[in-house]
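What follows is a set of notes on a single structure, which appears directly below.
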Amino acid sequence: MATIPLHRVNVLTGIKGATILEDPGQFTKQIAKAKRPLLVLGPRLLEWSLDGKIVLEYALDIAKAANIPICATSHLKGKLTELGVTPDSVYDVVEIVNALKDPDWKGVKGEGNHDLVIFFGIRSDLQNQCLSVLKHFAFGHLKTMTLDKYYFPHADFSLNNIRKDKDWKAFLEDLTKSLQTKS
Amino acid sequence: MATIPLHRVNVLTGIKGATILEDPGQFTKQIAKAKRPLLVLGPRLLEWSLDGKIVLEYALDIAKAANIPICATSHLKGKLTELGVTPDSVYDVVEIVNALKDPDWKGVKGEGNHDLVIFFGIRSDLQNQCLSVLKHFAFGHLKTMTLDKYYFPHADFSLNNIRKDKDWKAFLEDLTKSLQTKS
Amino acid sequence: MSEKKEMRDLVEKLTKKQEEIRELIKAEIEWEPVGPTPMPEVADLRNWDMRLLKTYKPWYAPFCDLCCLCTYGKCDLTQDRRGACGIDIGTQQARIVLLACLMGCSAHAAHAGHILEYLIDRYGPDKKIDLGTFIEVEAPNIRTVTGLKPETLGDLKNAIEYVYKEITHLLDSTHFGQEGSALDYESKALHASMLDHVGMEVADIAQIVGFNYPTSVADTPLVEMGWGSIDKSKPVILVVGHNPATSTVVIDYLRENGLEDKIEVCGICCTALETTRYSDKAKIVGPLSRQLFFVRTGIADVIMTDEQCINTNMPEEASKVGSALIATLDKAMYGLEDATEMDTDEIIKRMTENKEHFAILEPAKAAEVAAKVAMKIAPQRKKELLSEEEAKKLAEKCTDCGICERACPNLFSIGDGITEMAKGNFEPMKELFNLCIGCGKCERECPQGVPIFRLMQVAASKETWKVRAGRGAVMDTEIRKVGAPITLGTIPGIVAFVGCSNWPDIRDIAEMVDEFARRKYIVVLTGCSAMVAGIWKDKEGRTVYEKYPPDFDAGGVVNIGSCVSNAHISGAAIKIANIFASLPLRANYEVIADYVLNRVGACGVAWGAMSQKAASIGTGFNRLGVPVILGPHSSKYRRLYLSRKEEDDWTVMDARKRELVDTGEPSPEHLAYVAETKEKAMIMIPKLCIRKNDTPQGRSIKLNHYISLYKKYMGGGLPEDLHLYIRRAADIPLVYRKEVMPYLEKIGWKPKEPVGLPTLIGTYPSKVSIDSVIH
Amino acid sequence: MSEKKEMRDLVEKLTKKQEEIRELIKAEIEWEPVGPTPMPEVADLRNWDMRLLKTYKPWYAPFCDLCCLCTYGKCDLTQDRRGACGIDIGTQQARIVLLACLMGCSAHAAHAGHILEYLIDRYGPDKKIDLGTFIEVEAPNIRTVTGLKPETLGDLKNAIEYVYKEITHLLDSTHFGQEGSALDYESKALHASMLDHVGMEVADIAQIVGFNYPTSVADTPLVEMGWGSIDKSKPVILVVGHNPATSTVVIDYLRENGLEDKIEVCGICCTALETTRYSDKAKIVGPLSRQLFFVRTGIADVIMTDEQCINTNMPEEASKVGSALIATLDKAMYGLEDATEMDTDEIIKRMTENKEHFAILEPAKAAEVAAKVAMKIAPQRKKELLSEEEAKKLAEKCTDCGICERACPNLFSIGDGITEMAKGNFEPMKELFNLCIGCGKCERECPQGVPIFRLMQVAASKETWKVRAGRGAVMDTEIRKVGAPITLGTIPGIVAFVGCSNWPDIRDIAEMVDEFARRKYIVVLTGCSAMVAGIWKDKEGRTVYEKYPPDFDAGGVVNIGSCVSNAHISGAAIKIANIFASLPLRANYEVIADYVLNRVGACGVAWGAMSQKAASIGTGFNRLGVPVILGPHSSKYRRLYLSRKEEDDWTVMDARKRELVDTGEPSPEHLAYVAETKEKAMIMIPKLCIRKNDTPQGRSIKLNHYISLYKKYMGGGLPEDLHLYIRRAADIPLVYRKEVMPYLEKIGWKPKEPVGLPTLIGTYPSKVSIDSVIH
Ligand code: SF4
Ligand code: SF4
Ligand code: SF4
Ligand code: SF4
Ligand code: SF4
Ligand code: SF4
Ligand code: SF4
Ligand code: SF4
């Protein structure tokens with residue numbers, strides 16, 4: 001049976017639904033496979049917190065652990081600056097997705113387009129739509145992944161719906177650890 | 001991940017996809033639960049054969065084993081007559097489905113509407129559409145099941161896609177046996 | 001009150017809007033009194049619709065659990081849920097059906113508008129409409145719906161502008177947050193579809209008048225069909241689509257330049273049918289299902305597309321085989337450069353040298369370019385078909401993995417066929433070719449890159465067939481002749497095979513046509529169905545067009561024409577009411593439809609219905625009271641109109657006695673029905689031709705066919721619902737009397753008084769009085 | 001050649017079609033020369049579209065992997081697959097976008113047609129169009145698109161009939177198997193959407209003329225808004241929808257019968273805005289997002305629906321709370337009995353005694369019935385709102401299971417809010433009410449049957465607000481005043497907040513309006529956005545309508561009106577080109593759009609865009625060269641127009657020097673863009689108001705706002721793309737010079753020559769010559 005996305009608006013209509021990864025190790029493996037991953041961070045990371053720490057900080061831990069460049073969307077850069085982090089690029093999400101569609105794009109580092117794009121913290125319907133863009137128009141050159149606590153049918157790899165925040169927190173922390181070990 | 005129907009035209013677009021049952025026992029259990037099951041048989045049963053026996057005969061074995069009344073669609077009645085079987089009713093599939101929608105319908109036996117309708121041998125796209133009718137407009141009073149070797153997303157219970165005819169044959173025979181044992 | 005004063009009062013009471021309508025329909029010309037609904041608007045025929053829908057309730061088979069039409073979505077509509085706008089699953093299906101009917105209706109209306117504009121440009125708006133000696137009621141749909149009797153091309157414009165306006169109002173209602181009733185959406189779909197028949201009629205009348213298509217004649221020429229009939233040693237121009245403005249000009253160009261015998265013109269889909277109405281030298285490749293196959297043979301040097309039912313990927317397909325492409329209408333420009341105002345030589349140069357494709361919206365220019373390019377490139381192009389040896393070799397790549405089968409909408413075992421081909425056995429693929437609807441999905445999926453369509457070149461029969469060129473409207477003289485037998489039932493019915501090529505088997509149509517022509521039904525055909533009726537030959541090598549007379553009479557087989565010619569079929573039904581029964585038709589839709597529903601034993605068969613136009617054509621027939629049988633895949637239209645014979649109310653008004661009669665007779669039983677197989681369709685056709693008005697003699701003839709076809713395909717026995725159609729013993733066919741009588745006794749059948757003048761008028765609220773149904 | 005002969009030659013060369021168009025647009029009246037594209041057809045402005053689409057490429061976010069539009073489907077379009085018709089996933093998205101734009105365009109066109117018909121019935125076709133002393137260019141869209149200067153209601157009819165025709169042609173192209181190019185479908189969507197502005201203009205001009213809405217005046221009355229403003233002790237009539245034909249007649253009826261102070265008339269959605277243009281005693285409940293909430297309070301005794309954006313389940317919703325319902329238009333009849341010709345007393349009796357709902361399509365009758373029924377049933381109805389105590393109790397049923405949250409399109413934590421409410425803390429629900437778009441999905445899912453919408457009665461603020469009544473067209477005098485500062489850039493921009501209520505937070509609009517009015521942008525508003533701009537008050541208790549002047553001038557906040565009033569916003573942009581820059585607008589769309597794109601710093605914000613009308617309104621602005629920012633959920637429209645600033649070609653023609661200049665300046669950067677948050681939107685607005693024509697002074701003002709808003713929301717720093725917008729040092733805002741100069745040096749910025757007269761004409765194939773852009 002189809003995994004019904006927690007967000008009902010995002011139900012898969014079609015053929016190709018995201019593979020659900022449960023274990024941080026599986027994520028690490030996919031990330032390790034990638035030559036030029038990119039982490040696209042969105043403004044929801046400012047609104048969510050786990051155990052008093054905003055989720056943005058978890059995201060930054062992951063970026064640091066795996067040494068993945070960051071694209072900060074919306075007005076996220078403000079908080080990043082506050083946290084002493086300079087994002088590798090600043091685009092709104094539809095713009096970075098637009099660039100990612102182009103196989104010849106130089107990427108945020110100027111080293112070529114990315115082959116794995118991890119989305120985190122965009123409004124759920126918008127994020128799913130952006131994943132759809134890449135699923136349909138960039139399937140030849142990149143894969144997509146999400147770290148939000150919802151299932152995103154249009155991604156290549158997605159978490160399943162996570163009901164309990166503590167499970168999500170554990171996942172994010174374990175992922176960081178797993179990435180640290182790997183690299 | 002969603003089970004992709006073997007017939008790509010029949011891909012589920014929506015929320016509610018059929019539960020896949022693999023084991024004849026599971027089918028038997030669902031059939032046994034039903035007070036007034038109905039077997040809707042279609043003309044494809046004349047075209048398909050397994051080991052030299054037309055699939056219609058397997059279907060009749062099942063009907064007999066579980067003592068389920070039959071609705072013969074299209075021109076199936078001809079062959080049934082030839083086989084010495086009198087169908088309990090003759091309707092085309094869209095007509096029987098139309099009647100089944102009505103909770104107050106008297107059923108083919110005049111004993112009240114059916115609570116489980118098993119479809120077998122209708123053209124795959126048409127069968128799926130008919131299952132959709134019942135899924136949307138009869139969900140309150142009946143469940144649907146299929147015995148074809150394809151996955152039907154709009155059914156309540158469906159087989160998965162079966163690649164090998166011998167597996168399908170085995171399933172049909174086992175189902176008959178299981179139903180015989182049960183009753 | 002003096003008549004004058006009455007008149008003045010009436011005029012005073014007319015609103016500006018009514019006055020305007022009266023002006024548009026030239027109400028002052030008193031060929032008939034103006035009926036109750038001139039140029040009806042969305043709600044004007046709603047009561048009629050609601051009455052129909054009471055008996056023939058919409059049956060919805062949702063294709064999707066969701067609605068995705070606005071940014072509140074997707075909305076989950078399962079299990080009685082409603083969308084953010086409040087809509088439920090049934091109403092959503094009805095909305096999609098309305099949208100489909102509007103897409104269909106607009107396609108014909110735009111086609112009509114374009115042709116009209118083109119012809120008015122050529123001949124002026126005052127060009128007279130003259131359909132020949134035998135056709136006086138030239139525009140039954142336009143007359144009945146709008147109240148206008150069109151005398152010139154300019155008059156047709158008034159009719160089509162009315163259609164434009166109504167389309168806009170109807171499309172409005174599909175917007176977020178409007179109609180909340182499935183029945184009201186159906187009423188709107190019925191309205192859109194009635195308008196479609198107006199649009200089609202405008203289009204075909206304009207074409208007949210403007211292009212001098214045959215009219216008032218039955219035995220139009222027999223034209224050649226089949227891809228084998230095309231002489232590929234000549235330059236070949238292929239026209240595809242529906243709008244013949246350009247293809248006719250191509251023929252003109254060839255004629256004027258003495259090239260008619262030097263260049264082959266062939267066509268696919270309705271433009272093919274239209275072109276053969278203009279020139280019997282033009283050839284028909286086949287229906288839409290042959291499009292991709294034929295294009296991929298590369299036989300066409302130049303492909304000209306116009307509109308509707310053309311492959312949307314044509315530029316790429318053309319380039320792959322080196323054909324040149326000209327898009328001739330703004331409906332489908334494929335992103336090509338618009339060369340309408342480019343220098344002709346420049347275009348030809350770029351097409352031949354750079355292999356560029358262009359859009360050219362000016363017919364004369366497009367025609368000249370097509371001819372010149374075809375002549376220029378043909379000699380350089382290799383048009384070799386695959387040999388059996390090559391095919392075998394290519395077929396060996398197939399691993400019989402079955403991936404193509406999964407993508408096939410019909411689950412065909414393509415791999416098996418190809419595996420056999422590799423072994424030198426071409427039979428399974430030959431068979432497959434007859435079943436295949438040409439969607440191209442299999443080849444696209446094949447991981448081994450097996451060129452399935454090329455392989456079909458070897459499997460596809462090169463036999464050629466004959467199709468009678470479309471003849472347009474049925475003649476008034478014919479109507480006069482068949483009116484009585486049709487309404488009394490002694491001609492058992494009119495069966496119309498219409499529409500697209502998404503059928504289970506391309507040979508079904510010819511088989512059904514033969515069956516019913518033999519049984520002395522009147523068989524009429526249009527569109528892709530009209531073509532493929534020709535692909536079967538009897539022992540003497542005759543197609544149904546050669547075997548049966550081309551007359552609109554018992555046992556005739558009549559190719560009416562292209563899709564837009566469907567208006568002549570509805571028109572024929574209307575003309576029976578008007579010419580035979582003398583009912584006034586002017587702005588009198590409700591009365592006419594009621595007449596057709598209760599007294600004209602006609603039935604449509606859209607066996608391969610696929611497009612949105614087929615949806616509106618069929619639904620338009622439904623509003624007029626003509627039932628339609630659809631092929632099995634057509635459940636994907638999402639909606640049927642089905643009755644439940646035992647439960648539903650079959651009460652009619654007996655207009656003579658002025659009393660309600662509960663007939664218990666489900667005639668016609670359904671309005672839009674899906675048959676699973678051709679066998680079942682052939683059992684249903686005679687049944688759906690039964691009408692309450694049948695005389696005992698007529699009824700017994702109809703039941704004779706019903707019982708005989710039932711026995712033929714059901715292996716004996718009597719139809720389960722036979723008793724419902726027998727009013728008195730006299731209704732029982734003589735040959736079956738011995739079998740039927742005891743059966744009737746057994747089930748306790750009781751005779752009933754037949755209804756003198758059956759009508760639905762009087763059974764529901766309507767402005768129309770019972771008097772008006774009496775002629 | 002003598003002038004006469006020239007004229008004769010011209011006339012001889014005119015085709016019949018061109019002649020007819022010249023007649024329709026009264027070409028003989030020479031108020032301006034007729035430009036190149038009178039009543040343009042589908043392909044006539046295609047070159048302009050293709051030029052736009054070259055820079056602003058469509059960005060497609062498919063909502064579904066499939067196509068389900070015909071019986072060949074469903075077709076899998078993933079991974080470059082094509083459907084049976086040949087279509088690919090991008091083209092399919094474009095087709096759906098075209099369909100959406102057509103649904104939107106037809107909604108306004110049908111509204112316009114209906115209103116026109118109604119008014120022509122009342123006043124005749126010769127009723128003069130007079131928009132008051134200060135508006136001479138009464139119909140900039142109609143003039144520019146069609147070439148007609150409408151002087152009477154009858155003239156407007158010519159314009160709307162042209163729209164009907166084009167809609168039909170465009171809808172045709174969505175049929176199976178037509179257009180194969182996404183870009184061509186986009187061109188058609190742009191065409192449909194341009195037509196939408198014509199339709200909207202017809203509708204609002206007719207309304208202003210026919211209903212005497214305010215015109216040529218800026219300080220229209222302030223009207224009350226908020227459900228708390230409705231005096232429920234009186235009988236209450238609620239009007240919902242967009243078409244004010246009936247609601248105006250309700251006001252007339254109350255006035256004529258001395259009931260204006262006895263019956264409350266309130267409205268939701270655009271009909272509310274229209275009604276307050278007619279009577280400042282009418283009240284606005286709120287935008288569409290308040291519909292379900294308000295209906296479920298039961299405060300309305302009679303609900304009157306007309307068309308568009310009305311709950312499709314209204315009969316059931318009304319019955320649940322005992323409200324009476326009248327459907328007043330054929331677009332949405334809900335399956336109700338049509339009582340248009342029923343006796344009034346009979347209707348009233350059945351509505352009051354049997355609680356039946358009816359459709360009444362005659363405004364006068366509907367108005368009378370509404371008033372009488374409201375007075376009759378109001379005294380018997382209990383209109384008690386929920387008390388806090390009752391709410392607490394009901395809230396206790398919630399188990400905080402989270403099921404409602406999953407169904408919520410915004411994933412709101414409704415359960416948490418309700419759990420808090422059960423504890424007596426109403427704050428979270430108050431907050432939620434501001435975020436909620438009122439879709440009703442949560443309540444439907446709740447397994448405990450928690451009446452979430454009733455609970456909101458306690459949470460929803462009963463505060464009342466002020467909204468300035470819509471004023472219609474911008475005055476020519478105002479245009480004259482702001483023309484220079486706008487095109488030079490010293491007024492930093494026109495920001496238009498338009499469209500529906502599917503926003504992330506209802507308060508966003510007011511906040512953005514305040515920010516940009518304060519910064520001396522010209523702020524204009526329509527539709528639901530115009531309403532909710534009023535739901536915030538400053539420390540002095542003033543809404544933005546009270547805080548800022550109602551003038552179309554720097555720092556003004558102008559409620560233009562309802563959705564159809566959007567035509568006055570596009571009209572204002574056009575009028576700048578015409579009145580200020582003296583460019584002829586007659587049938588001169590391409591030149592005008594080019595002017596607007598390159599020189600009019602305007603930007604639309606459709607923050608809550610939801611409907612198909614919003615799609616066509618926005619896309620119509622795009623064709624005219626006005627960029628639009630959409631809210632995040634609007635990615636569900638499936639298509640944006642985005643450039644890639646570094647990769648794309650920003651070459652323009654310098655019309656004075658007649659040479660191509662590669663400016664490298666992405667202005668405007670996008671045409672249709674989704675912003676994730678209001679913060680991001682506020683950074684984008686000033687940027688999207690930048691135009692190549694800005695003077696250094698104007699540019700520095702615009703960049704000042706861009707930098708300052710960037711700093712405000714991005715926590716300091718400079719925009720990443722700032723250097724692209726600085727041509728020479730003079731462009732740099734003084735206050736930031738110290739920070740910007742070193743930055744520019746660091747990245748190796750080089751000054752560029754500004755373009756004298758930037759235009760795209762000359763950069764792509766077009767009939768229009770460069771001369772025509774010089775005024
Ligand atoms: S139109 Fe209605 S059902 Fe469809 S997505 Fe929008 S709100 Fe949902
Ligand atoms: S082209 Fe024919 S065989 Fe191939 S998938 Fe389509 S229908 Fe099946
Ligand atoms: S997909 Fe290709 S290899 Fe597989 S069975 Fe079909 S034709 Fe053969
Ligand atoms: S299948 Fe059709 S209706 Fe369903 S989501 Fe896809 S496009 Fe929409
Ligand atoms: S319109 Fe084309 S893509 Fe859509 S279902 Fe039909 S064939 Fe498939
Ligand atoms: S669904 Fe009902 S019970 Fe569950 S959290 Fe929502 S309001 Fe509470
Ligand atoms: S009504 Fe409001 S809270 Fe409820 S589901 Fe809709 S948006 Fe969410
Ligand atoms: S702004 Fe949108 S939601 Fe509001 S009334 Fe207009 S179309 Fe409807």
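These numbers come from the heavy atoms of this one structure, side chains and all, not from hydrogens, waters or symmetry mates. These numbers come from a predicted model, not from an experiment. Letters A, B, ... are given to chains in the order of the sequence lines, protein chains preceding strands, and every chain is numbered from 1.
- Residue C:Asp76 holds its CG atom at 6.5 Å from CD of D:Glu445, rounded to the nearest 0.5 Å.
- Only the side chain of D:Asp184 has a heavy atom closer than 4.5 Å to any heavy atom of chain C.
- Atom CD of residue C:Glu179 and atom CD1 of residue D:Ile310 lie 8.5 Å apart, to the nearest 0.5 angstrom.
- Atom CZ of C:Arg46 and atom CG of D:Asp330 lie 9.5 Å apart (nearest 0.5 Å).
- At a 4.5 Å heavy-atom cutoff, the contact between C:Lys613 and chain D is made by backbone and side-chain atoms alike.
- Side-chain N or O atoms of D:Asn502 include one that pairs as donor or acceptor with a backbone N or O of C:Thr71 at under 3.5 Å.
- Listed options D:Met314, D:Glu161, D:Lys157 were ranked by heavy-atom pairs under 4.5 angstrom with chain C; first place goes to D:Lys157.
- Residue D:Ala100 does not touch chain C at all, counting heavy-atom pairs closer than 4.5 Å.
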(message) Working note: D:Leu288 + C:Phe176, criterion side chain to side chain contact (heavy atoms under 4.5 Å, CB included); need CA distance, chi angles, decisive distance, verdict.
(response) CA-CA 12 Å; D:Leu288 179 69; C:Phe176 167 92; 3.8 Å; yes
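- Within the 4.5 angstrom heavy-atom criterion, only side-chain atoms of D:Ile167, from C-beta onward, approach chain C.
- Checked for salt-bridge contact, C:Glu117 and D:Lys165 meet the test: a charged N lies under 4.0 Å from a carboxylate O.
- Nearest heavy atoms, C:Asp338 versus D:Ala43: OD2-CB, 4.3 Å.
- In this structure, the side chains of D:Met333 and C:Ser173 stay at 4.5 Å or more apart for every pair of heavy atoms.
- Contact tally against chain D (heavy-atom pairs below 4.5 Å) for C:Tyr118, C:Tyr185, C:Tyr334: the top residue is C:Tyr334.
- The shortest side-chain heavy-atom distance between D:His175 and C:Cys309 falls under the 4.5 Å cut-off.
- For the pair C:Gln308 and D:Asp172, the minimum side-chain heavy-atom distance is below 4.5 Å.
- Contact tally against chain D (heavy-atom pairs below 4.5 Å) for C:Gly86, C:Ser181, C:Gly199: the top residue is C:Gly86.
- Heavy atoms of C:Glu316 lying under 4.5 Å from chain D belong exclusively to its side chain.
- Atoms SG and CD1, from C:Cys68 and D:Ile96 in turn, are 6.5 Å apart once rounded to the nearest 0.5 Å.
- For D:Gln291, no part lies near chain C; criterion is any non-hydrogen pair under 4.5 Å.
- With a 4.5 Å cut-off on non-hydrogen atoms, D:Ala327 does not touch chain C at all.
- For C:Glu20, the part lying near chain D is the side chain, with the backbone staying farther off; criterion is any non-hydrogen pair under 4.5 Å.
- Only the side chain of D:Glu341 comes within contact range of chain C, with heavy atoms under 4.5 Å apart.
- Of all non-hydrogen atoms in C:Tyr164 and D:His169, the two that sit nearest each other are OH-NE2, 4.1 Å.
- Interface check for chain C: of the options D:Leu171, D:Leu329, D:Asp88, the most heavy-atom pairs under 4.5 Å are formed by D:Leu171.
- Residues D:Thr91 and C:Thr312 have side chains not in contact (no heavy-atom distance under 4.5 Å, counting atoms from C-beta outward).
- A salt bridge is absent between C:Glu317 and D:Arg82: the closest approach of a Lys/Arg side-chain nitrogen to an acidic carboxylate oxygen does not fall below 4.0 angstrom.
- Of the listed residues D:Arg444, D:His633, D:Glu166, D:Lys767, the one with more heavy-atom pairs under 4.5 angstrom with chain C than any other is D:Arg444.
- Contacts between D:Leu102 and chain C at a heavy-atom distance below 4.5 Å involve backbone atoms as well as side-chain atoms.
- Rounding to the nearest 0.5 angstrom, the gap separating the OH atom in C:Tyr72 from the OG atom in D:Ser611 is 9.0 Å.
- In this structure, chain D has a heavy atom under 4.5 Å from the side chain of C:Leu99, while its backbone stays farther away.
- Using a 4.5 Å cut-off between heavy atoms, C:Leu170 does not touch chain D at all.
- Per-residue heavy-atom pair counts under 4.5 Å with chain C were compared for D:Lys16, D:Met610, D:Glu337, D:Lys17, and the maximum is reached by D:Met610.
- Contact annotation for C:His114: both backbone and side-chain heavy atoms come within less than 4.5 Å of a heavy atom of chain D.
- Side-chain contact between C:Arg81 and D:Lys441: absent, with no pair of heavy atoms (C-beta onward) separated by less than 4.5 Å.
- Counting heavy-atom pairs under 4.5 Å between each of C:Gly180, C:Gly104, C:Ser106 and chain D puts C:Ser106 at the top.
- Looking at every heavy atom in both residues, C:Asn311 comes nearest to D:Ala84 through ND2-O, 4.5 Å.
- Contacts between C:Ala615 and chain D at a heavy-atom distance below 4.5 Å are absent for every atom of the residue.
- Residue C:Ile160 does not touch chain D at all, counting heavy-atom pairs closer than 4.5 Å.
- Inter-residue side-chain proximity for C:Leu69 and D:Gln612 is flagged as met; some heavy-atom pair is nearer than 4.5 Å.
- By number of non-hydrogen pairs under 4.5 angstrom with chain D, the leading residue of C:Leu336, C:Val163, C:Asp80 is C:Leu336.
- Between chain C and the options D:Leu292, D:Thr340, D:Leu183, D:Asn313, heavy-atom pairs under 4.5 Å are most frequent for D:Asn313.
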